[in-house]
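Written out below as structure tokens is the structure these notes cover.
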Amino acid sequence: MKDEVKEQVTTIMAQIPPGRVTTYGTIAGMTDGATPRYVAWVLRSLPSDHVLPWFRIVRAGGVLADHSGAAVQHERLRAEGVVFDERGRIPTHFFWP
DNA sequence: GCATTGACGATGA
DNA sequence: ATCATCGCCAATG
């Protein structure tokens with residue numbers, strides 16, 4: 001059921017350790033039947049008062065996702081201790097799992 | 001029910 | 001290395 005998958009996505013998102021990031025494809029692979037697009041849709045559809053670390057989810061290769069809050073996300077990750085290289089990418093060292 | 005869109009990913013030029 | 005295209009799947013109009 002899709003609600004189950006959405007719950008899996010939110011659960012995995014909440015399990016991301018601080019100072020680490022993960023990708024849409026990774027979450028999609030952990031869940032059953034989810035796709036990166038679906039994960040993205042879940043994040044976008046989250047309510048305003050969510051407490052999930054949505055800013056820890058980036059695109060494949062460690063590139064920030066294309067959304068309006070990318071700058072905020074960058075700032076948040078920087079506050080978490082994540083380091084971006086000069087090309088705006090996150091080293092694989094910060095990837096989770 | 002069909003067409004468009006989207007916080008993506010992989011592949012090819 | 002960058003840019004362009006296709007594929008995926010679900011939601012929305």
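Note that these values count all heavy atoms, side chains included, but never hydrogens, waters or copies made by symmetry. The chains referred to below are lettered A, B, ... by the order of the sequence lines, with proteins before strands, and numbering in each begins at 1.
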>> Can you give me the closest heavy-atom contact between A:Gln73 and A:Ile57, atom names plus distance?
In response: NE2-O, 2.8 Å
> Starting at CD1 of A:Ile27 and ending at P of B:dG9, how long is that distance when rounded to a whole Å?
Replying inline: 10 Å
> Same cluster or not: are A:Val21 and A:Val63 linked, directly or through other Ile, Leu, Val, Met, Phe, Trp or Tyr residues, by side-chain heavy atoms under 4.5 angstrom apart?
Replying inline: no
>> Keeping A:Thr31 on the side-chain end and A:Val5 on the backbone end, is there a donor-acceptor pair under 3.5 Å?
In response: no
> From C:dA11, B:dA7, C:dC9, pick the nucleotide closest to the side chain of A:Trp41?
Replying inline: C:dA11
>> Measuring from the side chain of A:Arg87 (C-beta onward, heavy atoms only), which nucleotide among C:dT2, C:dT12, B:dA7 has the closest atom?
In response: C:dT2
> Is there a chain of hydrophobic side chains (I, L, V, M, F, W, Y, each step under 4.5 Å between heavy atoms) that links A:Trp96 to A:Leu43?
Replying inline: yes
> Atom CD of A:Gln8 and atom P of C:dA10: how far apart are they, to the nearest Å?
Replying inline: 14 Å
>> Let's see if you get this right: which residues in residues 52-64 of chain A place a heavy atom under 4.0 Å from DNA chain B?
In response: A:Trp54, A:Arg59, A:Ala60
> Any side-chain heavy atom of A:Arg59 sitting closer than 4.5 Å to one from A:Tyr24?
Replying inline: yes
> Rounded to the nearest Å, what distance is computed from the CG atom of residue A:Asp66 to the P atom of nucleotide B:dT5?
Replying inline: 17 Å
>> Taking atom CD as the centre, does A:Gln15 end up with more than 12 heavy-atom neighbours from other residues, nucleotides or ligands that are less than 6.0 angstrom away?
In response: yes
> What's the CG-P distance between A:Leu46 and B:dA7, to the nearest Å?
Replying inline: 13 Å
> Picking from B:dA7, C:dA10, C:dC9, which would you name as closest to the side chain of A:Tyr24?
Replying inline: B:dA7
> Want to settle it: does A:Ala34 or A:Ser45 sit nearer the 5' end of DNA chain C, counting the closest nucleotide to each?
Replying inline: A:Ala34
> To the nearest Å, how far apart are A:His50 NE2 and B:dA7 P?
Replying inline: 14 Å
>> In whole Å, I'd like the distance from the CG atom of A:Leu43 to the C1' atom of B:dT5.
In response: 17 Å
>> Measuring from the side chain of A:Arg89 (C-beta onward, heavy atoms only), which nucleotide among C:dA1, C:dC9, B:dA7 has the closest atom?
In response: C:dA1
> Checking A:Gln8 side chain against A:Met30 main chain: does a donor-acceptor pair fall under 3.5 Å?
Replying inline: no
